[in-house]
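Below, all heavy atoms of this structure are taken into account, side chains as well, without hydrogens, waters or symmetry copies. Letters A, B, ... are given to chains in the order of the sequence lines, protein chains preceding strands, and every chain is numbered from 1. All of these numbers come straight from a predicted model, not from anything done at the bench.
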Amino acid sequence: MSLAAATADDPNALGHQPDADAGGVANQRIIVGYGFWIFLVSDIVMFAAFFAAYAVLSDATAGGPAGRQLFDLKTTAIETACLLLSSFTCGLATIAAHVERRGWFQAAMAATFVLGATFIGLEVHELAGLVAGGNGPQRSGFLSAFFALVGCHGLHVTLGLLWLSTMMAQVVAKGFRDDILRRILCFSLFWHALDIIWVALFTVVYLIGSIT
Amino acid sequence: MTDTPATAAPGSTHAPAQSVGTQVLGYAVGLVLAVALTGISFFLPHSALIWAPGVPIGLVVLAVAQMGVHLVFFLHLNTGPDSTNTVLALAFGLLIVFLIIAGSLFIMSHLNHMMPPMDQVMRMQR
């Protein structure tokens, strides 16, 4: 990245501005964000493997029900709305953290938590209903891949909720210190990335699954 | 930064040089676009708006567009110098994602195609 030592006569530094508060390397916030971004990309690659398994197995219903018979798009629409709105409130929380407004931060994080928990509740209800109807992951290759993919995303959201509540507690206990702000940044990146994966998931699994 | 980008890159400067209103507006615009794209996605399969066999492709296009909206408005990916490395990492990740998904689909459909019918396999094993 940009070097503080970069001068106007250094052709390699063209287009890079030296950072105001860094001596030599980019500031810590950029480095932390970049490192976490690498993790997110690796997480997306892992989800790609689950998506590939689902795409390969989506016709392997073994005489059992296909997605068209199982999926209730109304539930999916509510889940999608919850996750989308939670992404928005998560963004509001990061803005509140930047300007160090504790009340707004905690309110936005609480709203994010409620929306995320609603999403998880609906998903658990849906999956439990499938299992109760004899359409659990052991029914067919299609359902195995479906439970693995949706369950993996649900697990990520659950861990995100856990992380969210620890961030609320850390702000109460330690305030908006630099390291806490960096953790909030990483959490918001994580939460937005989960929303992106859900976009792929509801499109490929639920919407395309309900018409083929 | 001299040329302040419209939005702060992932992990950019400590306090983005924007007013709170501008930042909230950014997220609101992203939300509106995402809701619109999601709404069209859910509406499309039950409408006769486009040719039925083309619906899956239309849905994929809408999903890719929505992911772009999320990346720009929520994850603040931009063309500023602070985003160069993140964009490169994401591009590499997308290459791997493409290889995994397209490769799996190609190999498995090829295997299915070459697989002899099951009774023939049984006969060969006798």
Euclidean distance, [Y] [atom2] relative to [X] [atom1], rounded to 0.5 Å:
X: B:Ile100; Y: A:Phe50; atom1: CD1; atom2: CZ; value: 11.0 Å
X: B:Phe73; Y: A:Ser87; atom1: CZ; atom2: OG; value: 13.5 Å
X: A:Leu57; Y: B:Ser104; atom1: CG; atom2: OG; value: 10.0 Å
X: B:His76; Y: A:His192; atom1: NE2; atom2: NE2; value: 6.0 Å
X: A:Ile196; Y: B:Leu75; atom1: CD1; atom2: CG; value: 5.0 Å
X: B:Leu59; Y: A:Tyr206; atom1: CG; atom2: OH; value: 15.5 Å

Taking every heavy-atom pair that is under 4.5 Å apart, which of [options] has the most such pairs with chain B?
options: A:Val41, A:Thr94, A:Leu92; value: A:Val41
options: A:Val99, A:Leu207, A:Thr80, A:Ile38; value: A:Leu207
options: A:Ala81, A:Ala55, A:Cys186; value: A:Ala55
options: A:Phe51, A:Phe36, A:Phe202; value: A:Phe202

Just wondering, more than 12 heavy atoms not from [X] lying within 6.0 Å of its [atom1]?
X: B:Met124; atom1: CE; result: yes
X: B:Leu95; atom1: CG; result: yes
X: A:Arg183; atom1: CZ; result: yes
X: B:Phe92; atom1: CZ; result: no

For [X], which atoms come within 4.5 Å of any heavy atom of chain A: side chain, backbone, both, or neither?
X: B:Ile96; value: side chain
X: B:Leu31; value: side chain
X: B:Met108; value: side chain
X: B:Val60; value: both
X: B:Ala52; value: neither

Show the nearest heavy-atom pair for residues [X] and [Y], with the distance to one decimal.
X: B:Ile101; Y: A:Ala48; value: CG1-O, 3.6 Å
X: B:Ala34; Y: A:Leu84; value: CB-CD2, 3.5 Å
X: B:Phe42; Y: A:Leu73; value: CE2-O, 3.8 Å

Any side-chain heavy atom of [X] sitting closer than 4.5 Å to one from [Y]?
X: A:Trp191; Y: B:Phe74; answer: no
X: B:Val35; Y: A:Phe88; answer: no
X: B:Leu90; Y: A:Trp37; answer: yes
X: A:Val199; Y: B:Leu37; answer: no
X: B:Leu62; Y: A:Thr203; answer: no
X: B:Gln66; Y: A:Asp195; answer: no

When B:Leu99, B:Val69, B:Val24 are compared by non-hydrogen pairs under 4.5 Å with chain A, the top option
B:Val24

For A:Ile211, is it the side chain, the backbone, both or neither that has a heavy atom under 4.5 Å from a heavy atom of chain B?
side chain

